[in-house]
Amino acid sequence: EVRSFPKVTLYSHSLDAGIAQVNHALEAEDIKDKLRVRVSSKRIANLALAGQAATELSVAIVEGGGRTPTDICIRSSLLLDWVPAGFLVRHPTVDLTDGGAVLFASYANDETNRSVEVRAWHRLLRDDGQGDVQLSFQAASPKASAGLEGGARNYVEKSGVCALDFIVCHPRRSARYTVEKVVMVIPTGNLLPPPVSAMPALSRRLGSRSTVSSMHDVEDRPPMLPEVEEAHRRAWREEWDKADIEINGTRKVGRCQRMARLFRYFQVSHGETVGGVQEPRVPLLVNRLFQATFRDLFGEGAVPRPSWLVTSRVLVQDPRAPPVVRIEPKLPPACRQLRFNAALGRHWHRFTFTAGTVQILVQGPILHAAATNQL
């Protein structure tokens, strides 16, 4: 939340469908005090580990506030006011020991014996153009440390029942100050997840009280956002290797490519890699835009999903190993190249369609039988 800035000069809210990352950017100024700030944030829910999420919020003072010293305060909290019906908040805790900043709370439903524990770790960073530098902070208020000779410039103090304020005193101009937050949601009681074998192929390693605690006890340190982000990006790269369909050509083809990937993003997000029989779980607007762009390019009737580009061109006539396949290489004039992966004969095959030619590259074996179904 940015307060007391009467003029907003820039606002951006975007979704990176390649890695399911939500981005915000805001620039605001107060002409009277000659103060201009830039705020940005990003959020992800880790695809590689269920129940883990990460976010960061950055603040930079682009133009200083004249003679009046300007401090930066970034607040982090766990929701206590809004909880699902029947659940109560238990044991909200703020832990500032050993130079750390950890928030903890549990949410329990006594009637159904269901509960969930939430823990959040934090780091404070500064980037002045030479890379991120982790900053240490004192667990005290500025007033309590004002009398210290060469007193600390960074503080963290408790704000409310389960909230923290990270305060940077006299920040450097144009330097970016960031608070990273990694959250782990651990279900207990009847909220424990089903066995991994019963979950869709998209599901990753599931967090529980024992696995999460042992994972961090071995490393003897809390999780950090770069590690979470790298695992999340790697998991999405694996999914896009199977799900992506590359369409190259004119500007009309470019619109079709964007809509196909947005459609695929919602399919992958809902774990539809294990089958394509059900109705695709995508927003109605996305579905209609996808239908319109594909009809405009391919001149077909209703196209149920992007995998129609695969199933209408690679026709398995005999599923026995090795399969007998008929290929339809026809492409519309506006499309220069069509490229995708398809599962045939227990191996992934890379198909590249161009005008009059089809190239097939046999890749590695399929590790999971469920992955053979197209989206």
Listed partners of Arg288 passing side-chain hydrogen bond (donor to acceptor under 3.5 Å, both in side chains), at least two apart | none
For Phe166, enumerate each residue passing the ring pair (Phe, Tyr, Trp, His ring centres under 6.0 Å) test, keeping only those at least two apart in sequence or located in another chain.
-> His122, Phe137
Residues that Glu328 engages under salt bridge (Lys or Arg N to Asp or Glu O under 4.0 Å), provided they are two or more places apart | Arg326
Using side-chain hydrogen bond (donor to acceptor under 3.5 Å, both in side chains) as the criterion, list what pairs up with Asp95, not counting sequence neighbours.
-> Thr97
By side chain to side chain contact (heavy atoms under 4.5 Å, CB included), Ala108 pairs with (sequence neighbours left out) Arg90, Asp110, Ser115
Under the ring pair (Phe, Tyr, Trp, His ring centres under 6.0 Å) test, residues paired with Phe351 that sit two or more places apart = Phe340
For Ser40, check side-chain hydrogen bond (donor to acceptor under 3.5 Å, both in side chains) against everything at least two apart and list the hits.
-> none
Which donor-acceptor pairs under 3.5 Å do side chains of residues 248-257 form with protein atoms, sequence neighbours excluded?
unit_1, atom_1, unit_2, atom_2, d
Asn248, ND2, Gln337, OE1, 3.0
Gln257, OE1, Ile247, N, 2.6
Gln257, NE2, Ile245, O, 2.9

Residue list, side chain to side chain contact (heavy atoms under 4.5 Å, CB included) with Thr9, at least two apart or on another chain | Lys7, Glu27, Glu29
With sequence neighbours left out, the residues meeting side-chain hydrogen bond (donor to acceptor under 3.5 Å, both in side chains) with His13 are His24
Not counting sequence neighbours, which residues clear side chain to side chain contact (heavy atoms under 4.5 Å, CB included) with Gln134? List them please.
-> Arg123, Leu125
Contacts of Leu289 meeting side chain to side chain contact (heavy atoms under 4.5 Å, CB included) (sequence neighbours excluded), chain-then-number -> Met259, Leu285
